[in-house]
Amino acid sequence: MELSTDVQMDLHRRMVRIRLFEEAAGRLAEAAKLPGFLHLYVGQEAVASGVCATLSDDDQITSTHRGHGHLVAKGGQFNEMMAELMGKATGYCKGRGGSMHISNLDVGMLGANGIVGAGAPIAVGAGFANKYSDNGNVAAAFFGDGSTNIGAFHEAANMACALKLPVLFICENNEYGEFTARRDTMAITDIVDRAAGYGMPGVIVDGMDVVAVHEAAVEAAARARRGEGPSLIEAKTYRFYNHHGVQNLGLKYRTDDEVAVWKERDPIFTFEHRLIEAGTASRADFDAIWAELRDDIETAIQFAEDSPLPDPAAVLADVYTLMTPAEGASV
Amino acid sequence: MELSTDVQMDLHRRMVRIRLFEEAAGRLAEAAKLPGFLHLYVGQEAVASGVCATLSDDDQITSTHRGHGHLVAKGGQFNEMMAELMGKATGYCKGRGGSMHISNLDVGMLGANGIVGAGAPIAVGAGFANKYSDNGNVAAAFFGDGSTNIGAFHEAANMACALKLPVLFICENNEYGEFTARRDTMAITDIVDRAAGYGMPGVIVDGMDVVAVHEAAVEAAARARRGEGPSLIEAKTYRFYNHHGVQNLGLKYRTDDEVAVWKERDPIFTFEHRLIEAGTASRADFDAIWAELRDDIETAIQFAEDSPLPDPAAVLADVYTLMTPAEGASV
Amino acid sequence: MTRKLTYVQAFNEAVRQEMAANDDVFCAGEDIGAFGGVFQSYAGLQAEFGKRRVVDTPISEQAIIGLGVGAAVTGLRPIVDIMFMDFICVAFDQIVNQAAKLKYMFGGAATIPLTITTGGGGGLSAAAQHSQSLEALLCHIPGLKVVHPSNPYDMKGLMTACIRENNPTIMIKHKRLLGMSGEVPEEPYEIPLGTANVLRVGKDVTVIGWGRMVNEALTAAELLAADGIDVEVIDPRTLQPLDSATIIESVKKTNRAVIVHEAVRFGGLGAEVAAQIQEEAFDYLDAPVGRIAAPFSPVPFSPVLEAHYLPSVDDIVAGIRAAVARPGA
Amino acid sequence: MTRKLTYVQAFNEAVRQEMAANDDVFCAGEDIGAFGGVFQSYAGLQAEFGKRRVVDTPISEQAIIGLGVGAAVTGLRPIVDIMFMDFICVAFDQIVNQAAKLKYMFGGAATIPLTITTGGGGGLSAAAQHSQSLEALLCHIPGLKVVHPSNPYDMKGLMTACIRENNPTIMIKHKRLLGMSGEVPEEPYEIPLGTANVLRVGKDVTVIGWGRMVNEALTAAELLAADGIDVEVIDPRTLQPLDSATIIESVKKTNRAVIVHEAVRFGGLGAEVAAQIQEEAFDYLDAPVGRIAAPFSPVPFSPVLEAHYLPSVDDIVAGIRAAVARPGA
Ligand SMILES: Cc1ncc(C[n+]2csc(CCOP(=O)(O)OP(=O)(O)O)c2C)c(N)n1
Ligand SMILES: Cc1ncc(C[n+]2csc(CCOP(=O)(O)OP(=O)(O)O)c2C)c(N)n1
Ligand SMILES: [Mg+2]
Ligand SMILES: [Mg+2]
């Protein structure tokens with residue numbers, strides 16, 4: 001598939017936006033300016049970008065604990081995201097959700113999720129609604145290699161196939177679940193080997209190559225929109241930072257060599273190199289993009305820091321739609 | 001594999017014991033003499049018999065809601081089983097469990113289970129204990145086709161493979177889950193297609209052929225005892241009666257033709273025919289066996305009917321091991 | 001115009017009428033299609049509305065709830081069935097950590113008009129995994145609403161309200177009441193969630209019960225009337241949110257209260273009701289708030305054990321007598 | 001001979017000593033091996049006892065509990081870890097319908113010496129799915145025992161008792177107490193399950209609390225002492241079985257009671273404690289039993305919201321003042 005310059009530059013832009021947002025979040029976390037847990041997406045940018053570039057705001061995605069990258073790729077705005085990470089009233093979740101529950105229904109992002117595997121069944125529900133309403137939309141579930149060992153993933157994959165729903169199962173295989181290697185928790189090497197057990201096609205792609213991911217996603221989405229059911233895409237990728245936070249806390253669950261080898265394959269820099277080689281864009285073009293987006297990040301940090309905190313007195317707001325007096329009695 | 005006459009007659013005897021117990025239970029249920037639900041195993045006798053014939057009392061099995069057949073095959077006694085179905089104090093569970101929880105640890109039967117899929121993780125635990133204690137025992141999990149759509153099955157299969165445990169996964173594919181056809185709840189035809197997703201060997205056997213089931217079980221058990229990990233055996237079989245109870249309640253979820261075709265392949269009568277053809281045994285031999293076991297069943301029914309009911313005052317016994325006074329406070 | 005329907009027919013009619021009125025309403029669950037569900041709650045609906053709107057699912061409770069959550073957050077009004085209440089444990093994360101919390105975690109942006117239906121309660125010798133009354137677990141979870149009708153009229157009105165409700169609700173059908181018959185209006189009607197029903201007016205003691213137990217309490221009340229004990233019987237109908245005001249008001253009048261439920265006593269919803277009564281009506285109480293409930297054990301199989309295990313009319317009568325026996329202020 | 005250990009070190013020492021003493025004891029859970037668990041509860045154990053006895057599992061909570069149940073019923077003494085308490089929902093069937101009920105359903109034939117460990121409680125801005133206090137759900141389930149230590153000494157003694165216990169127990173570690181330091185004896189010792197601890201003797205009011213909250217209650221008690229309010233503070237330590245006798249005895253002395261917990265108030269374990277107190281000590285009460293707990297909402301992320309959401313020393317002080325404010329009999 002020949003990708004137009006626009007599409008390629010769009011893929012690049014999505015990746016850079018994720019990288020800059022995550023690097024900024026990491027810095028703020030190390031400066032103790034972000035409360036709670038932080039799971040950075042750095043290194044995996046090609047997966048969210050390659051998939052979301054073929055989705056519209058009306059298509060839905062479900063995410064994981066590592067969800068900022070997915071929201072950025074789906075069109076999330078820096079200001080509301082940074083404000084949410086800081087727990088401010090202007091955040092996407094009004095400070096109630098934070099990093100692990102960041103979401104924005106306007107762009108079809110049905111939430112990061114603190115429960116491993118829990119997003120996939122919800123994506124199946126969105127896919128069901130798409131088919132039910134015959135609206136031509138698809139739902140994509142992002143999940144990690146480790147999450148494919150949990151029951152919810154299995155039930156979701158089987159249900160989507162049994163009901164032939166427009167769902168994309170996007171596995172980001174970064175070879176680790178927290179601090180434990182994938183090989184210690186499953187007897188298979190490729191997650192894609194699970195696809196046949198549900199009766200859906202499965203394909204392995206280089207998760208560090210945004211074009212490869214995009215092409216696979218375009219095909220899977222087209223298939224789903226044609227009413228031919230779900231697909232599983234396994235993207236082989238790697239997270240550059242620790243499971244949560246930034247530093248590896250000197251943990252030796254991954255060797256420096258292994259990390260170095262993967263960083264060599266940085267999805268953004270390798271892609272920029274290819275585009276320059278192909279004459280599609282110049283270093284100067286990219287520098288301009290990075291500079292522009294860096295400004296956006298600085299603006300977002302400022303916005304978040306200047307934003308008001310949520311009103312503690314309103315802690316009970318948003319538990320229910322339309323509180324009734326009787327509900328008040330439960331408080 | 002050449003099976004000795006003893007082994008073949010043992011396989012036959014196990015099947016007949018199941019058949020007679022289940023037919024008797026069905027009659028008693030229709031006479032309103034059995035409380036609660038009753039899930040009959042008639043038609044599937046070859047599976048439990050073929051597998052359990054290669055297991056000793058020290059090997060463990062977990063079962064399902066359709067558990068009488070598994071317990072009989074594992075060596076359960078008619079008296080205590082019939083008494084349990086009647087809710088008597090002399091039952092294996094002292095009337096506390098009934099049909100859906102019938103069990104006998106002395107023969108390594110870790111319980112029928114009312115929750116679909118819940119037995120498999122427990123079998124994995126037993127398999128873990130076997131490996132931990134290096135006792136050479138294996139644990140076999142029996143489960144239906146429908147239960148392979150539930151998360152617990154998936155987690156158990158993956159865990160057993162990841163930890164390389166001596167576990168046999170025995171799927172009894174009778175093509176229905178309650179009143180819904182398997183094909184409506186999964187996009188695959190053979191459950192065995194799921195084995196590769198866990199990294200274990202999978203084999204399909206004719207579940208109406210006790211010898212075929214036995215040979216596959218012998219191989220899988222030997223493999224497990226050698227420390228080479230779990231296997232999945234899918235036995236294609238069929239239940240002759242309704243999901244619960246006996247009559248099909250005039251339900252048309254299965255055609256009469258379909259039922260008739262499968263009854264043609266009755267695992268007991270076809271096996272007797274083969275043994276007679278082969279000159280291994282005569283009709284008279286079989287008649288004697290049926291007669292002997294029929295007497296045992298009549299004795300068991302009498303035993304159960306004559307047995308005392310449990311003492312209602314002792315309803316709280318057996319909730320905890322060694323009740324402490326403080327626990328009394330919880331009552 | 002009203003006529004007699006059974007409890008399960010009333011449920012079925014509420015679903016049918018709401019489905020006819022709103023294409024966003026659909027049903028999904030195990031064996032609910034051609035078969036109509038093991039309790040026949042969904043009988044005839046697939047024939048009437050087709051496989052698009054009445055969906056047989058795999059045996060996958062987590063995915064069944066997830067299907068409902070995902071479809072609800074994207075605009076539909078799903079009714080998903082968990083056959084037996086005991087099985088909510090299999091889907092507990094999707095109910096407790098997803099359905100109940102999504103709206104809040106999203107800062108209010110999500111709306112989850114999801115109805116989860118299930119069959120609860122004992123009395124069928126169905127043993128420890130098919131007989132539980134687990135309402136207390138659900139009522140402790142912010143974000144959920146919990147409904148448990150005691151008769152056909154309430155069933156139709158409450159089920160209609162659940163389907164029209166914009167929050168995740170759990171409709172608990174009592175398995176022993178499925179065949180209970182009663183007058184039910186043909187036209188659709190709603191019983192607002194969170195409104196209790198005073199089933200019997202009395203002045204001596206207030207009995208609060210739900211599901212099958214409140215009917216047993218009414219029987220007990222009639223027996224005690226013969227002895228001149230005048231019992232007020234309240235059915236909260238909705239367990240979360242609980243209509244505490246109606247309960248407190250009654251106790252302030254009668255000065256005595258007894259709670260009856262089928263769930264085990266320790267940590268049951270009766271504890272919350274008792275705690276609220278003594279908080280709100282402390283100076284009015286002439287006796288401790290009593291609780292009649294199951295002992296601290298799994299539900300036994302044998303009919304003789306289960307009959308002893310479940311609260312009976314006699315147990316309720318005894319509990320009420322104990323409450324009124326104490327000298328008043 | 002005693003020395004200072006942190007809460008999590010006390011946990012770790014109990015596990016190490018029991019593992020050293022009994023080869024039937026093993027541990028399984030996510031990231032507990034080389035990494036020692038996300039809270040370092042299992043730090044160093046795999047290095048000391050090897051991969052056979054300290055097992056890293058897949059992310060499969062149902063299978064983790066099942067592993068424990070199956071290994072326990074076949075003779076081992078498993079310790080299985082569910083990282084955050086919120087995740088018990090993912091494995092709820094194996095805990096509630098299997099581990100808790102197996103013995104009873106088998107007519108007593110099974111023995112399940114299983115310990116489930118998990119990290120509960122809020123205060124880390126970990127939001128709605130990593131901050132819950134769900135003890136009430138577990139305490140309502142016959143067959144389970146539930147333990148929740150408030151300090152290092154109790155942690156070691158209770159964890160040792162759990163491992164030696166022959167029933168399924170859930171050991172809830174409070175995430176905010178992991179670093180709490182205190183005197184802990186080197187030698188192994190047991191604190192019998194079901195025995196409460198009177199942390200402070202007082203005559204005016206009894207405060208019952210557990211986990212982090214009972215420590216906050218002690219702080220509140222000291223503040224109130226300055227105003228001449230003499231508070232008795234009780235830590236049940238074991239929540240199921242609950243040592244009701246010690247609580248009732250205290251309330252009969254002080255005539256007033258306040259319960260403090262981090263879980264939401266509605267349906268929390270405080271309701272059961274309040275219900276029992278008014279049942280057993282009705283004539284002794286000079287004021288309604290008070291409950292200080294979280295409001296009916298998921299746990300919010302933003303620190304300002306969570307600080308407001310969780311009961312504070314000020315809230316406890318106010319609650320105690322309200323209880324003692326009422327004129328006595
Ligand atoms: C049900 C559940 N179990 C455990 C956890 C703790 N946990 C959070 S992330 C994680 C690892 C997930 O691994 P993977 O799915 O590969 O995603 P990755 O972190 O590699 O992106 C674990 C175990 C959780 N959040 N939910
Ligand atoms: C978790 C759970 N969901 C649903 C049920 C109700 N149920 C009991 S048996 C059954 C069908 C099981 O089908 P299968 O696994 O194929 O076993 P079979 O009955 O065919 O032997 C169902 C849905 C249950 N007991 N547990
Ligand atoms: Mg991973
Ligand atoms: Mg089947």
Side-chain angles (χ1 to χ4, degrees), chain A residues 60 62 84 91-98 100-101 103-106 108 110-115 117-133 137 139 151-152 154-160 162-163 310 316-330, chain C residues 23-24 26 28 52-53 55-76 78 90-91 93-94 97-98 100-113 139 142-143 145 165-167 192-196 238 240-246 276:
Chain A
Q60 309 91 353
T62 60
E84 188 58 35
Y92 272 132
C93 308
K94 300 176 17 198
R96 282 159 171 63
M100 255 191 298
H101 306 294
S103 59
N104 178 15
L105 299 182
D106 299 338
L110 306 187
N113 207 309
I115 304 296
I122 295 170
V124 170
F128 178 90
N130 293 337
K131 181 176 181 176
Y132 189 87
S133 317
N137 298 330
H154 176 72
E155 295 190 9
N158 181 71
M159 175 101 59
L163 303 182
L316 284 175
D318 304 325
V319 178
Y320 291 95
T321 299
L322 317 159
M323 295 281 282
T324 66
E327 256 164 294
S330 302
Chain C
D23 187 69
D24 291 342
F26 73 95
R52 169 176 168 266
R53 299 185 66 191
V55 182
D56 277 317
T57 66
I59 307 169
S60 309
E61 279 75 11
Q62 293 189 72
I64 289 169
I65 301 296
L67 179 78
V69 173
V73 77
T74 50
L76 299 183
V90 180
D93 175 69
Q94 284 288 326
N97 289 330
Q98 311 301 329
K101 296 177 169 56
L102 228 57
K103 181 187 182 64
Y104 189 81
M105 297 188 299
F106 292 5
T111 304
I112 319 282
C139 293
K145 295 190 176 188
E165 165 71 36
N166 285 325
N167 293 289
L193 302 189
T195 58
T238 304
Q240 182 59 268
L242 184 70
D243 182 359
S244 305
T246 298
Q276 287 192 24

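In this text the structure is predicted, and so the values were computed from the model without any measurement. We name chains A, B, ... by the order of the sequence lines, and we start the count at 1 in each one.
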Strictly distance-based, threshold 3.5 Å: is any side-chain N or O of [X] a donor or acceptor partner for the main-chain N or O of [Y]?
X       : Y        : value
A/Thr62 : A/Gly119 : yes
A/Glu84 : A/Cys93  : yes
A/Gln60 : A/Gly127 : no

Under a 4.5 Å heavy-atom cutoff, which of [options] has the most pairs with chain C?
options                                : result
A/Ala120, A/Ala129, A/Ala123           : A/Ala129
A/Ile115, A/Asn130, A/Leu163, A/Val124 : A/Ile115
A/Gly95, A/Gly97, A/Ala118             : A/Ala118

Side chain, backbone, both or neither: which part of [X] has an atom under 4.5 Å from a heavy atom of chain A?
X       : value
C/Ile65 : neither
C/Ala28 : neither
C/Asp23 : both

* Where do C/Lys145 and C/Glu165 come nearest, in terms of heavy atoms and distance? -> NZ-OE2, 3.1 Å
* To do: Give the minimum heavy-atom separation between A/Ala139 and A/Ala126, together with the two atoms involved.
  =>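 Smallest heavy-atom distance, with atoms named: CB-CB, 3.9 Å.
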Per-residue contact mode, [X] against chain C (heavy atom under 4.5 angstrom):
X        : answer
A/Ala156 : backbone
A/Ala160 : neither
A/Asn137 : neither
A/Leu105 : side chain
A/Tyr132 : both

* **Test log, rule side-chain contact (heavy atoms from CB on, under 4.5 Å), inputs C/Val73 and C/Gln98** => CA-CA 11 Å; C/Val73 77; C/Gln98 311 301 329; over 6 Å; no
* Begin from the C-alpha positions of C/Leu102 and A/Ser103 and carry the test side-chain contact (heavy atoms from CB on, under 4.5 Å) through to its verdict. => CA-CA 10 Å; C/Leu102 228 57; A/Ser103 59; over 6 Å; no
* Sort out for me which of C/Asp93, C/Val69, C/Thr111 touches chain A most, counting heavy-atom pairs under 4.5 Å. => C/Asp93
* May I ask you to name which of C/Ser60, C/Ala109, C/Gly108 has the most heavy-atom pairs under 4.5 Å with chain A? => C/Ser60
* Apply side-chain contact (heavy atoms from CB on, under 4.5 Å) to A/Ile122 and C/Gln94, showing your working. => CA-CA 9 Å; A/Ile122 295 170; C/Gln94 284 288 326; 3.9 Å; yes
* To do: Using the six-membered ring of C/Phe106, assess whether NZ or CZ of A/Arg96 lies under 6.0 Å from its centre and within 45 degrees of the ring axis.
  => no
